[in-house]
Trainee: 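Below is one structure. I have some questions about it.
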Number of protein chains: 2
Amino acid sequence: MPHSDEVIRAAGLKVTPVRRAIVALFAESLRPLTPRDVHVRLLEQFSRSGLPGVYRNLETLAERGILFRIAGFGQVRRYALCPKPGSGHQHHIICVACGRIDRIDECLYHDGMMVGGYRLLSHTMQFEGVCASCLSETNNGQS
Amino acid sequence: MPHSDEVIRAAGLKVTPVRRAIVALFAESLRPLTPRDVHVRLLEQFSRSGLPGVYRNLETLAERGILFRIAGFGQVRRYALCPKPGSGHQHHIICVACGRIDRIDECLYHDGMMVGGYRLLSHTMQFEGVCASCLSETNNGQS
DNA sequence: ATCTTAAACGGAAAACATTTCCATTTAAGA
DNA sequence: TCTTAAATGGAAATGTTTTCCGTTTAAGAT
């Protein structure tokens with residue numbers, strides 16, 4: 001796994017302490033993070049971190065293919081690390097029971113195909129369901 | 001096509017002038033409308049219409065299956081008339097060239113199926129593409 | 001080791017969409 | 001009519017995201 005600095009530098013961005021910390025945050029996190037999540041955690045290290053800076057960095061990192069921007073779950077934006085930098089779009093599913101969010105790797109749509117008379121350029125999806133873990137709990141009557 | 005009043009009454013809601021106007025608005029509109037769209041048009045008839053009332057009514061009508069709430073295109077919510085009241089979810093596609101939004105009737109996912117280890121309960125999608133009309137214009141060299 | 005400069009930053013404030021609160025009005029059944 | 005729960009408008013709050021601007025800083029050049 002490449003060090004945060006290399007990832008940032010490879011994207012043509014300046015390596016700053018804040019940026020290093022943000023990328024490290026996502027590398028350690030198992031779930032997508034909201035700008036607020038990121039800001040709260042940054043404040044532990046940088047007491048003067050500002051929310052606008054967080055937004056700017058998340059968007060910049062997303063533009064460069066390091067992060068993926070997840071929209072559509074409520075009105076809060078989330079970001080996740082791209083498995084490989086620049087590795088296309090992602091779809092996510094949230095468990096209505098426990099709130100965990102997972103990435104979905106397969107997708108039934110691909111850009112370029114025809115959908116409803118349109119030529120598809122991009123698509124986003126949001127799934128809600130019950131994760132395997134919660135499914136088995138429910139089956140055990142723990143609901 | 002049932003009159004607005006009947007639709008509203010059938011949903012167990014009071015028939016008010018504002019509500020009648022809102023349903024009529026959607027019945028006449030070819031495209032999904034934002035709360036702001038609706039508010040602006042209501043102001044033509046009801047000079048004292050308030051945005052909170054619009055939001056309330058749109059949500060109420062959506063809960064009762066008369067309207068469908070479309071999220072995920074930017075951070076602006078839209079609503080469209082359900083073809084048949086209560087007729088499940090819808091997906092929409094926006095043309096990046098001309099901005100028109102159409103409903104997509106077929107869908108490759110259905111709730112209940114397994115997706116990524118989850119049992120799917122609901123899903124939303126947003127598609128971007130080029131509509132047939134803009135596709136043909138492009139092909140004619142009108143770029 | 002400095003210099004220089006564009007990029008990055010923090011902070012305040014603005015911009016929006018959406019929601020809450022509350023007092024008033026109104027539709028609909030009695 | 002009367003009564004009442006539902007619906008409404010307006011002001012204000014909430015929460016997210018963006019803009020603006022002056023200051024700081026990383027990074028390549030000197």
Side-chain angles (χ1 to χ4, degrees), chain A residues 3-25 32-64 66-67 69-79 126, chain B residues 3-25 32-64 66-67 69-79 126:
Chain A
H3 189 277
S4 299
D5 286 17
E6 299 167 31
V7 173
I8 297 168
R9 210 182 324 268
L13 298 173
K14 278 193 189 176
V15 177
T16 69
V18 170
R19 224 164 240 166
R20 190 183 351 238
I22 290 178
V23 173
L25 225 44
L33 301 173
T34 65
R36 175 165 300 276
D37 289 339
V38 173
H39 184 226
V40 167
R41 302 192 194 186
L42 278 185
L43 283 175
E44 297 169 4
Q45 301 174 56
F46 307 91
S47 59
R48 317 180 47 144
S49 162
L51 212 31
V54 172
Y55 275 93
R56 241 180 337 227
N57 267 319
L58 294 179
E59 264 311 280
T60 302
L61 292 170
E63 283 166 8
R64 304 304 173 102
I66 299 174
L67 297 181
R69 172 172 164 173
I70 305 167
F73 288 110
Q75 56 198 47
V76 190
R77 178 183 303 183
R78 288 169 209 274
Y79 293 85
Q126 303 81 35
Chain B
H3 188 276
S4 298
D5 286 18
E6 300 167 31
V7 173
I8 297 168
R9 210 184 322 269
L13 298 172
K14 278 194 190 177
V15 177
T16 69
V18 170
R19 225 165 241 165
R20 189 180 357 236
I22 290 177
V23 173
L25 225 45
L33 301 173
T34 65
R36 175 166 299 278
D37 290 338
V38 173
H39 185 225
V40 168
R41 303 194 193 184
L42 279 185
L43 283 174
E44 297 169 4
Q45 301 175 57
F46 307 91
S47 59
R48 316 179 49 144
S49 162
L51 211 34
V54 172
Y55 274 93
R56 240 180 338 224
N57 267 320
L58 295 179
E59 264 311 280
T60 302
L61 292 170
E63 284 166 8
R64 303 305 174 102
I66 298 174
L67 297 181
R69 173 171 163 172
I70 305 167
F73 288 110
Q75 58 199 43
V76 189
R77 179 184 302 183
R78 286 170 211 272
Y79 292 84
Q126 302 82 36

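Below, chains carry the letters A, B, ... as their sequence lines are ordered, and counting in each starts from 1.
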Trainee: In this structure, how many angstroms lie between the P atom of C/dA17 and the CZ atom of A/R77, rounded?
Mentor: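 It works out to 14 Å between those atoms.
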
Trainee: Within residues 50-63 of chain B, which residues have any heavy atom lying less than 4.0 Å from an atom of DNA chain D?
Mentor: B/G50, B/P52, B/R56, B/N57

Trainee: Within this structure, what is the OG1-CD1 distance for the pair A/T60 and A/I66, rounded to the nearest 0.5 Å?
Mentor: 9.5 Å

Trainee: How would you list, by chain and number, every residue that makes a salt bridge (charged side-chain N to carboxylate O under 4.0 Å, His left out) with B/E63, sequence neighbours excluded?
Mentor: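 By the salt bridge (charged side-chain N to carboxylate O under 4.0 Å, His left out) rule, B/E63 matches no residue at all.
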
Trainee: According to the side chain to side chain donor-acceptor pair (under 3.5 Å) rule, which pairs have a member within residues 36-49 of chain A, sequence neighbours left out?
Mentor: A/T34-A/D37

Trainee: In whole angstrom, give the distance that lies between atom CD of A/Q45 and atom C1' of C/dC9.
Mentor: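 To the nearest whole Å, that distance equals 16 Å.
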
Trainee: Of the non-hydrogen atoms in A/A24 and A/S4, which two are nearest, and what is the gap between them?
Mentor: N-OG, 3.7 Å

Trainee: What is the distance from CD of B/Q75 to C1' of C/dA15, rounded to the nearest Å?
Mentor: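 Roughly 10 Å, once rounded to whole Å.
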
Trainee: Whole angstrom is fine here: how far is it from CD1 in B/I8 over to C1' in C/dT26?
Mentor: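 In whole Å, C/dT26 C1' and B/I8 CD1 are 15 Å from each other.
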
Trainee: Run the side-chain contact (heavy atoms from CB on, under 4.5 Å) test against A/V38 and tell me which residues pass, sequence neighbours left out.
Mentor: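 Once residues adjacent in sequence are excluded, the partners of A/V38 under the side-chain contact (heavy atoms from CB on, under 4.5 Å) criterion are A/I22, A/L25, A/F26, A/L33, A/L42, A/V54, A/L58.
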
Trainee: Please tabulate, for the side chains in residues 9-20 of chain A, all donor-acceptor contacts under 3.5 angstrom to protein atoms that are two or more places apart in sequence or on a different chain.
Mentor:
| residue | atom | partner | partner atom | Å |
| --- | --- | --- | --- | --- |
| A/T16 | OG1 | A/R19 | N | 3.1 |
| A/R19 | NE | A/N57 | OD1 | 2.8 |
| A/R19 | NH1 | A/K14 | O | 3.0 |
| A/R19 | NH2 | A/N57 | OD1 | 3.2 |
| A/R20 | NH1 | A/D5 | OD1 | 3.1 |
| A/R20 | NH1 | A/D5 | OD2 | 2.6 |

Trainee: Specify the angle, to 10°, made by the local axes at the two ends of the helix from C/dA1-D/dT30 to C/dA30-D/dT1 when five pairs are taken at each end.
Mentor: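 That helix has its two terminal axes inclined by roughly 30°.
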
Trainee: Please report the distance, rounded to the nearest Å, between CZ in B/F46 and P in C/dT25.
Mentor: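 Whole-Å distance recorded here is 18 Å.
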
Trainee: With sequence neighbours left out, write down each residue that passes side-chain contact (heavy atoms from CB on, under 4.5 Å) with B/Y55, or none if nothing qualifies.
Mentor: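 In terms of side-chain contact (heavy atoms from CB on, under 4.5 Å), with neighbours along the sequence ignored, B/Y55 is linked to B/P35, B/L51, B/R77.
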
Trainee: Mind listing the residues from residues 32-40 of chain B sitting with a heavy atom below 4.0 Å of DNA chain C? Number order is fine.
Mentor: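 B/P35, B/R36 - these, ordered by number, are the residues of the stretch whose heavy atoms sit under 4.0 Å from the strand.
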
Trainee: Within the 4.0 Å limit for protein heavy atoms, which parts of nucleotides 25-30 of chain D are touched? Write it as a string from 5' to 3', B for base, S for sugar-phosphate only, - for none.
Mentor: BBS---

Trainee: With sequence neighbours left out, what residues match B/Q75 under side chain to side chain donor-acceptor pair (under 3.5 Å)?
Mentor: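 Listed in chain order: nothing, the list is empty.
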
